Amino acid sequence: MWALLLGLALAQDVPDTSFDYEIIVYGDPALRQARWDVLIALKRLGYEPKDKGGGLTVFKPPRRWMGRARLDPEGNLTFGYPAVAFQKASLSDTVDLEANANLSRETGGFVVQKPDGGVVSTLPAGQASLWVLPSRALLDRVYAKVREQVRPELDQYARVRRDTAVQAQLDELPDRLDALWVDGVPLVGSTPVESREARRRSALAYWATRDDSFEGRQITKATEAWIRNTIQTSDAPITDAERAKAEAERQDGRTLPL
């Protein structure tokens, strides 16, 4: 009996870890942390970051034959191809095929081959040295692998940037809609919106033209809440004809919940 009571007591003390909501982190601190996570991930792969200002970071590659990486302010990771030859391979040395996937050693000399199989040049035995560059095919494979390895950090950076931009719009949206409804300040353009009817149509047109995207859906829901709490509680609510016209303009077939 005591064991049963103790079990029930312990069960009541166990916190409920099931949630039906998600915490979205956004804002400048979250942006800085997300970008820093990308830098750390690339640094672990041997890339040395150098801040170029304006939100641009250039990375020195872990090996000389690899081009530099660039992370721009929008979170795009790009790679540059070496523009000049940089490696000197002696005929007496074993050539690193990783440095040039299209370089093969033949009896009597080196043969540099095109990706399609054609020969670029042949150096006879006794030639002092050969300058070689990594092929773009090799570099593309390397860059694809690097992108895949830092994909979680890049995706998180993109999500934080998206959520921050959307939240900035959501924060200012109620004031913009209130200014339209009370003072006739237009949402688009500079011409004042005079009548209550015209202001209703303007708010509905804004709702009807939001994109069927993450950003558009958040703005749509916020606009619907404002319409219900402001226009529909006023002495000039939306008419059935206005509602039907606005719904017909939606590209995703969404109805307006009033």
Side-chain angles (χ1 to χ4, degrees), residues 17 19 21-90 93-105 110 112-115 120 129-171 213-218:
T17 57
F19 302 99
Y21 60 88
E22 178 182 1
I23 297 176
I24 298 178
V25 180
Y26 61 88
D28 290 340
L31 275 172
R32 288 193 295 269
Q33 182 61 54
R35 186 178 182 86
W36 180 252
D37 290 341
V38 176
L39 299 183
I40 292 299
L42 285 166
K43 191 172 177 64
R44 290 196 186 103
L45 298 178
Y47 286 87
E48 291 297 328
K50 297 182 182 298
D51 188 2
K52 294 297 183 180
L56 173 65
T57 304
V58 177
F59 298 83
K60 180 182 177 182
R63 300 186 64 177
R64 292 180 59 199
W65 56 267
M66 299 166 64
R68 293 177 179 269
R70 294 163 55 93
L71 183 66
D72 67 18
E74 287 71 40
N76 300 310
L77 179 64
T78 58
F79 298 89
Y81 296 98
V84 296
F86 55 82
Q87 179 174 338
K88 196 173 184 180
S90 171
D93 296 336
T94 301
V95 176
D96 184 3
L97 291 183
E98 185 183 18
N100 192 321
N102 297 323
L103 181 66
S104 62
R105 184 170 185 173
F110 285 102
V112 181
Q113 297 179 337
K114 294 180 180 178
V120 176
S129 60
L130 170 67
W131 289 92
V132 296
L133 277 174
S135 68
R136 290 212 169 198
L138 170 65
L139 288 172
D140 286 341
R141 291 195 296 271
V142 171
Y143 297 158
K145 184 177 181 180
V146 171
R147 284 194 182 94
E148 188 60 30
Q149 288 176 302
V150 298
R151 179 61 56 195
E153 290 79 11
L154 288 172
D155 288 347
Q156 176 64 11
Y157 188 27
R159 283 192 294 270
V160 173
R161 283 183 53 80
R162 179 199 66 187
D163 293 344
T164 298
V166 171
Q167 191 61 45
Q169 295 184 60
L170 291 175
D171 288 344
S213 61
F214 174 84
E215 175 184 347
R217 288 190 292 272
Q218 306 312 307

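Excluded from the calculations below are hydrogen atoms, water molecules and symmetry mates; all remaining heavy atoms, backbone and side chain alike, are included. Quick caveat, the model's predicted, so the values are computed rather than measured.
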Legend entry - Residues in side-chain hydrogen bond (donor to acceptor under 3.5 Å, both in side chains) contact with K43, at least two apart in sequence or another chain: E48
Legend entry - Spacing of CZ belonging to R147 relative to CG belonging to L42, to within rounding of 0.5 Å: 10.5 Å
Legend entry - Partners passing side-chain hydrogen bond (donor to acceptor under 3.5 Å, both in side chains) against D140 (at least two apart in sequence or in another chain): Y81
Inset, instruction - Give the minimum heavy-atom separation between T164 and G27, together with the two atoms involved. - result: OG1-N, 2.8 Å
Inset, instruction - Check whether any side-chain heavy atom of F214 lies under 4.5 Å from a side-chain heavy atom of D163, and answer yes or no. - result: yes
Inset, instruction - Find the distance between CZ (R159) and CZ (R162) and round it off to the nearest 0.5 Å. - result: 7.5 Å
Report, one line per pair, each donor and acceptor closer than 3.5 Å where one atom sits in a side chain of residues 28-36; sequence neighbours left out.
from: Q33; atom 1: NE2; to: D37; atom 2: OD1; distance (Å): 2.9
from: R35; atom 1: NH1; to: D72; atom 2: O; distance (Å): 3.0
from: R35; atom 1: NH1; to: Y157; atom 2: OH; distance (Å): 3.1
from: R35; atom 1: NH2; to: G55; atom 2: O; distance (Å): 2.5
from: R35; atom 1: NH2; to: T57; atom 2: OG1; distance (Å): 3.3
from: R35; atom 1: NH2; to: L71; atom 2: O; distance (Å): 2.9

Inset, instruction - Mind listing the closest non-hydrogen atom pair of L154 and G75 along with its distance? - result: CD2-O, 3.9 Å
Inset, instruction - Might you work through the side chain to side chain contact (heavy atoms under 4.5 Å, CB included) test for F59 and L39, ending with a clear yes or no? - result: CA-CA 9 Å; F59 298 83; L39 299 183; 3.3 Å; yes
Inset, instruction - State, yes or no, whether a side-chain contact exists between V142 and F79 at a heavy-atom distance under 4.5 Å. - result: no
Inset, instruction - Quick one: list whatever passes side chain to side chain contact (heavy atoms under 4.5 Å, CB included) with R68, sequence neighbours left out. - result: V58, K60, P61
Inset, instruction - Sequence neighbours left out, what passes side-chain hydrogen bond (donor to acceptor under 3.5 Å, both in side chains) with D51? Give chain and number order. - result: none
Legend entry - Set of side chain to side chain contact (heavy atoms under 4.5 Å, CB included) partners for P62, sequence neighbours left out: Y47, M66
Inset, instruction - Decide yes or no on side chain to side chain contact (heavy atoms under 4.5 Å, CB included) for R161 and E74, but give the supporting numbers first. - result: CA-CA 8 Å; R161 283 183 53 80; E74 287 71 40; 3.8 Å; yes
Inset, instruction - State which residues pass side chain to side chain contact (heavy atoms under 4.5 Å, CB included) with T78; sequence neighbours excluded, sorted by chain then number. - result: R70
